[in-house]
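Ligands are counted one by one from 1 in listed order, and the atoms in each one are counted from 1 as well. One-based numbering along the sequence shown. Computed from a predicted model, the values in this text were never measured in an experiment.
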Amino acid sequence: MADLIKKAAEDLAAAKMVIALTGAGASVESEIPPFRGKGGLWEKFDPMEVAHIDSFLRDPAKVWNLLIKDMKDLLDRAQPNDCHKGLAKLEELGKMQTVITQNIDGLHQLAGNTDVIEFHGTFAWQRCMDCNTHIETRRVDMIEIPPRCHCGGILRPNAVFFGEMIPQQALWRSRQAAIDCDLMLVIGTSAVVQPAALMPVVAKESGSKIIEINPESTPLTGNISDYLIKGPAGATMNAIVAQLEKMI
Ligand code: APR
């Protein structure tokens, strides 16, 4: 492990343009459960029942009651962990250009990263399905479920449900960053959901080095990623940043 931490710090020190792709694992140490694997949300719920746009359109109250209300409580309490802080520190050191995140929790921005692409949208805002008004989630009162806009329209998270397209701007910018970078950190994603899982492939095909950080191996491991540092994101990022600071 120590060798790989040193190697990652050396690779970061040598890199010219570094980006990151993060998934739910990056927020696990902020008490937000992942989606898959042990203790994952999809162990408790069928994602096609509670996180697909068709199920939301069929019964918005059910999806609000089963998933969105709990998610609001979790995200209201969540604070950046050492993984988020480590990526913000890399930016401060001039070694992190852009963070592409599949997470809708806003924790990268809270930690201080300034260029964060929210690939699956955000939970920080709700939008009206009739007039498209955007309302900050913390201003939405949960007395009536589903909550409604002042126009009477139903509010929905400004996040991407299964069955919906990735926002064009996010897709385009992520692909461009993957092409332009020469090192991509892939942190805390099972790399099974497309098109996010394609970004490391695009980066690899453009000559970039791919470093994975995850306690488990993924479909990228040994195929697309140059190496996997098997460990929790917080402690691993702390160790890498500490090494890097000695080198630059
Ligand atoms: N540090 C780093 N990685 C971790 C940690 C940790 N402390 N704990 C768990 N992991 C890893 C798991 O091993 C797993 O590979 O994080 C990954 C989480 O995978 P998923 O739950 O599948 O999350 P993600 O890849 O972000 O899911 C992609 O699927 O459900 C949809 O829209 C949702 O954005 C989400 C997308």
Would you call the rings of H84 and H108 parallel, tilted or perpendicular, where under 30° means parallel and over 60° means perpendicular?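 Geometry flag for H108 against H84: perpendicular rings.
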
In plain terms, say whether [X] and [Y] are close enough for a salt bridge, that is, a side-chain N and a carboxylate O under 4.0 Å apart.
{"X": "D11", "Y": "K209", "result": "yes"}
{"X": "E216", "Y": "R36", "result": "no"}
{"X": "E136", "Y": "R139", "result": "yes"}
{"X": "K89", "Y": "E245", "result": "yes"}

When you look for heavy atoms under 4.0 Å from ligand 1, do you find them on the side chain of H120, its backbone, both, or neither?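 For H120, only side-chain atoms sit under 4.0 Å from ligand 1.
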
Which bit of V193 is near ligand 1, meaning a heavy atom under 4.0 Å away: side chain, backbone, both or neither? side chain

Among protein heavy atoms, which lies nearest [atom], and at what distance?
{"atom": "atom 23 (O) of ligand 1", "result": "A24 CB, 3.4 Å"}
{"atom": "atom 15 (O) of ligand 1", "result": "N214 ND2, 2.9 Å"}
{"atom": "atom 3 (N) of ligand 1", "result": "P215 CD, 3.2 Å"}
{"atom": "atom 25 (O) of ligand 1", "result": "T189 OG1, 2.7 Å"}
{"atom": "atom 27 (O) of ligand 1", "result": "R36 NH1, 3.0 Å"}
{"atom": "atom 1 (N) of ligand 1", "result": "A233 N, 2.9 Å"}

What atoms of ligand 1 come closer than 4.0 angstrom to any heavy atom of E29?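 Under 4.0 Å from E29, ligand 1 has these atoms: 1 (N), 6 (C), 7 (N).
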
Is there a side-chain contact between V99 and D115 (heavy atoms, below 4.5 Å)? no

